[in-house]
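This report refers to the structure that appears directly beneath it.
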Amino acid sequence: MDLPAKSPSLWQSKPPQQPGQLFIFDRTPQIGQYSRLGPTRTGPAPRTDNLATADAPRPEPSASDGLTPSQQSAVDHFEGPLLILAGPGSGKTRVITRRMVRLVERGVDPRQILAVTFTNKAAEEMAERVERLAGGQRVAVSTFHRFCARLLRDHAEMVGLQANYTILDTTDQKQVVRSVLDELNLDAVHFPPGRISGRISHAKNQQQSAEELRSDVATRVGNHFQEVVARVYPRYQEFLLKANAVDFDDLLLHVQKLLNENPELRARLDDRYRFVMVDEYQDTNLVQYGIVRLLSHDHPNLCVTGDPDQSIYGWRGARIDNILRFEQDYPEATVVRLEENFRSTAAILRSADQLISHNQMRKAKSLVTANPEGEPVELLVFGSAQDEAHGIAGRIHELVSRGVCTYGDCAVFYRVNSMSRQVEQALSRWSIPFQVIAGVAFFERAEVKDMLGYLRLIENPADDAAFTRVVNKPPRRIGKVTQSKLARFATAEGLNRLESAAEAKRITGLSKQATTALLRFHELVDGLTLADAGSVAELLRTVIDRTRYTAGWQSGMNKSSEQDIQRQAVIDELLALATHYDEDAGDERSLAGFLEVTSLVADTDAIDPSQGAVTLMTLHAAKGLEFPTVFVVGIEQNLLPHERSLRDDNPRELEEERRLLFVGMTRAISRLSLTLAAQRDLHGQSRSTIPSQFLGEMELTSRDHTDPRGSAAPRPPLPDVTRLSQSSDNVDQPLLTTAAALLDGTAKAATLEQGFAIGMAVRHPRYGLGTVIAVDGYVRNRTVTVRFEDSEEGVSFQADHCPLQPVGRS
DNA sequence: CCACTATTGCTTTTT
DNA sequence: GCAATAGTGG
């Protein structure tokens, strides 16, 4: 397939600027001087440049039912392998959903179609679109992990598990490693559990078993750390198997094994899923690749889509070559390239293209658009990270008040999560609503993990990881020493820890106090079942009750601290979530089902651009999304590219960093700003930064906002709290994403459209009806105090995480 | 022997 | 700026 020749004008722009030259500009940014582009790409912005006129002007396909010829050919492809190489903004999602619809129209049974994505959000969206277009017919759209979890549920015994196995998250993994280290008499200080579990995960992604890793390590000399990993790995795996538990990697690995070792099952599934589609194929790892191939052997109607330039998950085992070698794997494959970009302005696309073309290990590919030139991509230079954040907040404020775009149109991307804080603070000061994807995620909260830990232990008593997590929560005098003795006893007797607790009297060297504490704990957990409780929510309430989990911080004498209020709010939210699940699942409900749902959610599932709030997220989380206005912050050496990628001068890692920025830039529809700060705090100390090497690789208009006299941070126009809490037709609608919304992207019921205002009538699933009597704090730390009908006292909730819903008209 | 607190140390990205 | 650790009081 031939590539369109690069348009010469694309490369005749200004020569790349040297980073050093970037900081000499007027420091009075007048946003008003920019030519205005409509708030969306369909806006009537005039063309200011003839860059794209070489291509025949073409109507925007999404405006009608029309598809470009290449899009059409992908949609029409019927049987046989198909590779869709889709550049950013090329209408990929649209093409694959349309193709599925087309298959159904052709008479393919929808149950024979399986589509696999990486995030729940993508899966849900796709399923919904297909269902809508195919007249209510549903196809199976799932994430890799969820698909495997289900499959494994049905065939657990074939890989030595039971159907009620539990899924461990990264925290549990570390805890298991810690346990193993303890057993091997190694200290966790010198061998950080996180690093060890990371190495184990890496090995698993390379399909390296414990034995293989061991022999691999044996051939090399003197890597002590690796040797420890090799010793821990097999014990870790035994621990998991005994605990009837799997980690994220096992989910995939077990399924691959299942398919490999059971030809008849493999053939059955291959036949069942006649048409398999994989999105973001460049992000698949070796195991996922294996699974896909095993399912597409007899019926190689495999359709994969992706873009090598958007491969950003190499660090977790993604193999960019999976997509590059597709044509070798399936020589008869049809290849369709979608290269026309319908998303971004020509200016944005040009800069992104210039950047990515600096990658050496890359198949040349052109990015073409018929979109107008638009505003230049700008580089904003600030003195400090704080100024940077305020500069962005000010710019957003300006854009919104001029009606150029809405808050929901704006997004801020950063390399590391820790960078969100400053932006959050600045936005708060400006009273700008925002939504952070993955700050302290709900399911990472200690309270949630503890509660789920109890549920896990009830569902799967062998889950020693869950046992260790909850055995002393709340504190019941079962400390480190006792637990260690218990663990040794359990291993010696071949029992799980919960069973061992029941046998506490037989454990030698245990104090009387510890013995009774263990016995009582066993009794506590033993007496809990879903059947008795009737529903997950009810079971959860029983757990809270019997463990007196919240007793320590129940708001007894309005003495509870802010933290306690938040904790309570988290618990309430979890209860609401369980209720939601109970209702949703009906008779199908099971503890395993609830736990599966809760362990496989991702932070990115919460992204909801319709919320009317600025969205903050990492560059990784941004993939697959688009926003009219995009800011990418911290374009500095050692940050982007990240220092880790520069460490041993590894060009592959550097190129991945470049792709990361490329992904971020190509999310922008109309306006794109890259920002950096001359000084930035690095663990406490303020340090001078070096502009990213990537900046010199593309065309930018730069603006210096550093002030030699210091403190040039723009100020919010009216840092006014009363405005936030009192007006009910507030434009600055605070965004309230609840965990329920996270689990069920469409759970509008759980998401408030309006901010809380004093006097507003609300309903709480547990406390009933009430009235808002106070609103405090800013967006993320905002609390709402409500007085409920049957009480005098107000109850406070963390606005972000509470199941309060407005009642009636506001 | 356990719980609580002060201090240290360390920070990519995520299913 | 947080989590895990080390130290101290109960």
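Residue numbers begin at 1 in each chain, while the letters A, B, ... track the order of the sequences. Values below: every heavy atom of this structure, side chains too, minus hydrogens, waters and symmetry copies.
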Q: Please assess Arg680(A) against Glu388(A) for the test salt bridge (Lys or Arg N to Asp or Glu O under 4.0 Å), listing each intermediate value before the final yes or no.
A: CA-CA 10 Å; Arg680(A) 192 179 292 277; Glu388(A) 182 186 42; 2.9 Å; yes
**Q.** Residue met sooner reading DNA chain B from 5', once Gln513(A) and Trp315(A) are mapped to nucleotides
**A.**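 Final value for this comparison: Gln513(A).
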Q: Map Pro475(A) and Ser645(A) onto DNA chain B by nearest heavy atom, then report which one ends up closer to the 5' terminus.
A: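 The answer here is Pro475(A).
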Please list, for nucleotides 8-10 of chain C, all pairs of protein and nucleotide N/O atoms separated by less than 3.5 Å.
none

Please determine whether a side-chain nitrogen or oxygen atom of [X] lies at a distance below 4.0 Å from atom OP1 or OP2 of [N].
X: Asn472(A); N: dA3(B); answer: yes
X: Thr119(A); N: dT15(B); answer: no
X: Arg421(A); N: dC2(C); answer: yes
X: Arg680(A); N: dG1(C); answer: no

**Q.** Whichever of Gln425(A) and Lys174(A) has its nearest DNA chain C nucleotide further upstream toward 5'
**A.**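 Of the two residues, Gln425(A) wins.
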Quick one: [X] [atom1] to [N] [atom2], roughly how many Å, whole number?
X: His202(A); N: dT13(B); atom1: NE2; atom2: P; value: 18 Å
X: Met617(A); N: dT14(B); atom1: CE; atom2: P; value: 11 Å
X: Lys204(A); N: dT15(B); atom1: NZ; atom2: C1'; value: 14 Å
X: Glu656(A); N: dT14(B); atom1: CD; atom2: C1'; value: 12 Å
X: Arg195(A); N: dT11(B); atom1: CZ; atom2: C1'; value: 14 Å
X: Leu510(A); N: dC1(B); atom1: CG; atom2: P; value: 9 Å
X: Lys480(A); N: dC4(B); atom1: NZ; atom2: C1'; value: 15 Å
X: Asn417(A); N: dT11(B); atom1: CG; atom2: C1'; value: 11 Å

(Q) Please give the stem ranges for DNA chain C, sorted by first residue number, where a stem is three or more consecutive Watson-Crick or G-U pairs and both donor-acceptor distances are under 3.5 Å. (A)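 As far as DNA chain C goes, consecutive pairing (with distances under 3.5 Å) yields the stems B:1-9 with C:2-10.
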**Q.** Partners meeting side chain to side chain contact (heavy atoms under 4.5 Å, CB included) with Leu151(A) (sequence neighbours left out)
**A.**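 In terms of side chain to side chain contact (heavy atoms under 4.5 Å, CB included), with neighbours along the sequence ignored, Leu151(A) is linked to Phe147(A), His155(A), Val255(A), Leu269(A).
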Q: Return the set of residues passing side chain to side chain contact (heavy atoms under 4.5 Å, CB included) with Thr515(A) (not counting sequence neighbours), or none when no residue passes.
A: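 Side chain to side chain contact (heavy atoms under 4.5 Å, CB included) list for Thr515(A), sorted by chain: Ala504(A), Lys505(A), Leu510(A), Leu519(A).
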What is the nucleic acid contact for [X], judged by heavy atoms within less than 4.0 Å: base, sugar-phosphate only, or nothing?
X: Ser511(A); answer: nothing
X: Asp249(A); answer: nothing
X: Lys485(A); answer: sugar-phosphate
X: Phe248(A); answer: base
X: Arg659(A); answer: nothing

Q | Proximity to the side chain of Val481(A) - top-ranked nucleotide from dC1(B), dT13(B), dT15(B) | A |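 In terms of side-chain proximity for Val481(A), the closest of dC1(B), dT13(B), dT15(B) is dC1(B).
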**Q.** Residues Arg469(A), Asp172(A): salt bridge by 4.0 Å N-O rule
**A.**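 No, this pair does not count.
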**Q.** Salt-bridge criterion met for Asp681(A) and Arg421(A) (N-O under 4.0 Å)
**A.**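 Arg421(A) and Asp681(A): not salt-bridged.
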Would you please name every residue forming a salt bridge (Lys or Arg N to Asp or Glu O under 4.0 Å) with [X], sequence neighbours left out?
X: Lys257(A); value: none
X: Glu125(A); value: Lys121(A)
X: Asp169(A); value: Lys449(A)
X: Arg195(A); value: none

Q: Sequence neighbours left out, what pairs pass side chain to side chain donor-acceptor pair (under 3.5 Å) with at least one residue falling in residues 478-489 of chain A?
A: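 Counting only pairs at least two positions apart or across chains, the side chain to side chain donor-acceptor pair (under 3.5 Å) contacts touching residues 478-489 of chain A are Asp182(A)-Ser484(A).
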Q | Aro-ring/base stack Tyr313(A)-dT14(B), d under 5.5 Å, angle under 30° | A |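 No, aromatic ring not over the base.
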Q: Take atom P in dA6(C) and the same atom in dT11(B), then report the distance between them in whole Å.
A: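 That atom pair is separated by 16 Å.
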(Q) Show the nearest heavy-atom pair for residues Gln422(A) and Ala385(A), with the distance to one decimal. (A)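 Distance-wise, the nearest heavy atoms are NE2-CB, 3.7 Å.
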